[in-house]
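I have placed the structure first, in the form of structure tokens, so that the comments after it can refer back to it.
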There are 2 protein chains.
Amino acid sequence: MADVTLRDVARASGCSVATVSRVLAGTRPVGADTARRVRAAAASLGYRPNHAARALRNRATGTVGLVLPQITNPFYPALVRELTHALHAEGRAVLLADCDDDPVAEAERIEDLLGRRVDALLVIPADERRSRDAVAAAAARVPLVLLDRRCGPGVADSVAVDNAAGMALVLEHLAATGRRRPCFVGAHGTASAAAERRAAYAAGSGALDAAAPERTALGDFSVAWGRAAVDALWEARPDAVVCANDLIAIGVLQRLQELGADVPGEVAVTGFDDIPMAGLAAPGITTVRQPVAELAAEATRLLAHRLGADGAGPQRALRLAPDLVVRGSSAAPHVRA
Amino acid sequence: MADVTLRDVARASGCSVATVSRVLAGTRPVGADTARRVRAAAASLGYRPNHAARALRNRATGTVGLVLPQITNPFYPALVRELTHALHAEGRAVLLADCDDDPVAEAERIEDLLGRRVDALLVIPADERRSRDAVAAAAARVPLVLLDRRCGPGVADSVAVDNAAGMALVLEHLAATGRRRPCFVGAHGTASAAAERRAAYAAGSGALDAAAPERTALGDFSVAWGRAAVDALWEARPDAVVCANDLIAIGVLQRLQELGADVPGEVAVTGFDDIPMAGLAAPGITTVRQPVAELAAEATRLLAHRLGADGAGPQRALRLAPDLVVRGSSAAPHVRA
DNA sequence: CTGAAAGCGCTAACAG
DNA sequence: CTGTTAGCGCTTTCAG
């Protein structure tokens, strides 16, 4: 089943390859009658354009690379879904690269994608600092948008959730439902999710209780750390545990329940991201829902802009406001009592 | 920053493009001295081969398409991770397509990938029946391996977990820990996960209790169904609820706990797949762990074989045996009593 | 409006 | 061992 080429279609429709190309690409006006003949011939032969040839000629592959730290991070599948859908809708294909949280592997994957002539790159950097060089080098060669995380200022366009706004929503909600002794279980590091959420808690929790900003424990973004943090913080008897992400919150909730604490009667627990597990815990975990579809839409819009004719312009850093999803883990204490 | 081509390297190293090509591709013997000069020139100019040109010439893009129903299905991220790693290790790139569980979208994505001249396709079909035509058509054009699910006999090579073996492990474990009144919460449909697990329960549970095969409720693979099923089955007071996947098991566990049942003291709960949430439930859910890394390795091996020189041979259907992961949800009753 | 022809960057005969 | 040459399939001047 030899592939059908433009020449075959040209022969079958009795005109030149140039004409066929013009008809099929709609590049230039073509006689209505010729056009019909060409289309008929193409259809009957089952012609399919060869993207490789097109890419060579046009210097554009219609492909974007999506580089992410770990597809198994439960927050990413939803993002990947929205991104691929948005890009497919524009006729682009997505080359996926998982880096296993390793900046070295990340640099290799980015190199490979550039070699494959992706038109643009969407990157969720693995590490705030160690991803920087590879990302900056790539951004010098193709349009690049940073997603979810950044890697230092001035590297590339970026789109992410407004972590401060999200944390503020949590604190407001806790205040409104009568909590007065919050504590925070966060993560070390300078990545935006860690640093910004930490800072927002520090800035906002003082309104509930002057000592609240100090009731903070830092570890990593894991269930195990959430469990461990409870053992450090519970003796201070907080009435709310604000967690930097949902995995931590799941660990916190589990450990509190093991210790016999009443959630939410005695203590509320909140997360961040709204991964699927957050809704499945019992009670469901109140959390900050990232606007995943919008993040994806904005990222692709930014890319499309950079790929367009007037793609110049200053670097952009976009922050999208999240929503609060209230579930059982933070139900007002008196409702339950 | 004009791209550096073979010609530039040839000029810089004082030899022909053919020679440069041979050095860089290692296709044919080349003088050691020339080779060194070429490599030096390539490095200093920052030469990067143009994959599009190569693809056009070689009629191979070094790319495989990965088509899956829903990346947000919690079992797939781990599989995608292993697949991309395995393929990257062979120097291939992965074009990802998410179909949103829609066979029509799936057919479109497959068409697009074929147009982009993927060398091969890895497909997790969305629907046993309605995916069949598109998959069969694609399989006629490029090597194609079906993963996790099949879509009718004789369509293409396939790799999947041995569902019957997994279910047998569960039943053996329940028998060994003294359970005698199991019931089954499964899913309708003819997809392998649904049908084979259902059949294996029907075949194996009779050994525990002659009436066991009849204590079966069928819905879909969701948490909501798991919850609903409990309301239908609990009055029969089974001492074990065997679920067709982990999502169902999570729903079952939640609902049982809400009804005040003691898990595992009074009733055991088991799942299938070992998605991350299974380990995070409280108690952890005993489940059948799919050999994800091996599934990915076998699938890529099969593809590599088909892409190789001697890629002919009969169609292959490979079944991999899973492991049982015992967690708290099925701890022996007397241990707890 | 249409055709002829020149490549995009690379590889593989085919000669030397 | 190395250079010359002819395309892979497509788009795009440039003529007509």
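Bear in mind the structure is a predicted one, so any value in this text is a computation, not a measurement. By convention in this document, chain letters (A, B, ...) are assigned in the order of the sequence lines, proteins followed by strands, and residues within each chain are numbered from 1.
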(Q) What's A:Ser21 touching, base or sugar-phosphate or nothing? Going by heavy atoms closer than 4.0 Å. (A)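 Answer is base: heavy atoms of A:Ser21 come under 4.0 Å of a base.
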
Q.
Does B:Arg59 reach a base, just sugar-phosphate, or nothing at all? Heavy atoms under 4.0 Å.
A.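 Counting heavy atoms under 4.0 Å across all strands, the contact made by B:Arg59 is with sugar-phosphate only.
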
(Q) Using heavy-atom distances to pick each residue's nearest nucleotide on DNA chain C, tell me which of B:Ala53 and A:Gly14 is more 5'. (A)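 With A:Gly14 and B:Ala53 compared, the 5'-side residue is A:Gly14.
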
(Q) Is there, by distance only and without an angle test, a donor paired with an acceptor across the side chain of A:Arg117 and the base of C:dG9 below 3.5 Å? (A)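 Checked by distance alone, the answer is no.
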
Q) Quick one: the side chain of B:Arg22 and the base of D:dG3, do they pair up donor-acceptor inside 3.5 Å? A)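 Donor-acceptor pair under 3.5 Å: yes.
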
Spacing between [X] atom [atom1] and [N] atom [atom2], to the nearest angstrom:
{"X": "B:Arg57", "N": "C:dG7", "atom1": "CZ", "atom2": "P", "result": "18 Å"}
{"X": "B:Arg11", "N": "D:dG3", "atom1": "CZ", "atom2": "C1'", "result": "16 Å"}
{"X": "B:Leu24", "N": "C:dG9", "atom1": "CG", "atom2": "C1'", "result": "13 Å"}
{"X": "B:Arg7", "N": "C:dT11", "atom1": "CZ", "atom2": "P", "result": "15 Å"}
{"X": "B:Leu56", "N": "C:dT11", "atom1": "CG", "atom2": "P", "result": "11 Å"}
{"X": "A:Leu6", "N": "D:dT11", "atom1": "CG", "atom2": "P", "result": "6 Å"}
{"X": "B:Asn50", "N": "C:dG9", "atom1": "CG", "atom2": "C1'", "result": "6 Å"}
{"X": "B:Asn58", "N": "C:dG9", "atom1": "CG", "atom2": "C1'", "result": "11 Å"}

Respond yes when some side-chain nitrogen or oxygen of [X] is under 4.0 Å from OP1 or OP2 of [N], and no when none is.
{"X": "A:Thr34", "N": "C:dT2", "answer": "yes"}
{"X": "A:Thr19", "N": "C:dT2", "answer": "no"}
{"X": "B:Arg54", "N": "C:dT11", "answer": "yes"}
{"X": "A:Thr5", "N": "D:dG9", "answer": "no"}

Q: Using modelled atom types only, decide if a donor and an acceptor are shared between the side chain of A:Arg92 and the backbone of A:Gly62 within a distance under 3.5 Å.
A: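 No, because the side chain of A:Arg92 does not come within donor-acceptor range (under 3.5 Å) of the backbone of A:Gly62.
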
Q | Derivation and outcome, side-chain contact (heavy atoms from CB on, under 4.5 Å), residues B:Val118 and B:Val64 | A | CA-CA 5 Å; B:Val118 291; B:Val64 327; 5.5 Å; no

Q: Please determine which of B:His305, B:Arg316, B:Gln315, B:Arg306 meets the side-chain hydrogen bond (donor to acceptor under 3.5 Å, both in side chains) test together with B:Asp157.
A: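 Exactly one pass, corresponding to B:Arg306.
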
**Q.** Charged N-O contact under 4.0 Å between A:Asp98 and A:Arg109
**A.** no

Q: Identify the two heavy atoms, one from A:Leu45 and one from A:Asp8, that lie closest to each other, and give their separation to 0.1 Å.
A: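 What the structure gives for the nearest pair is CD1-O, 3.8 Å.
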
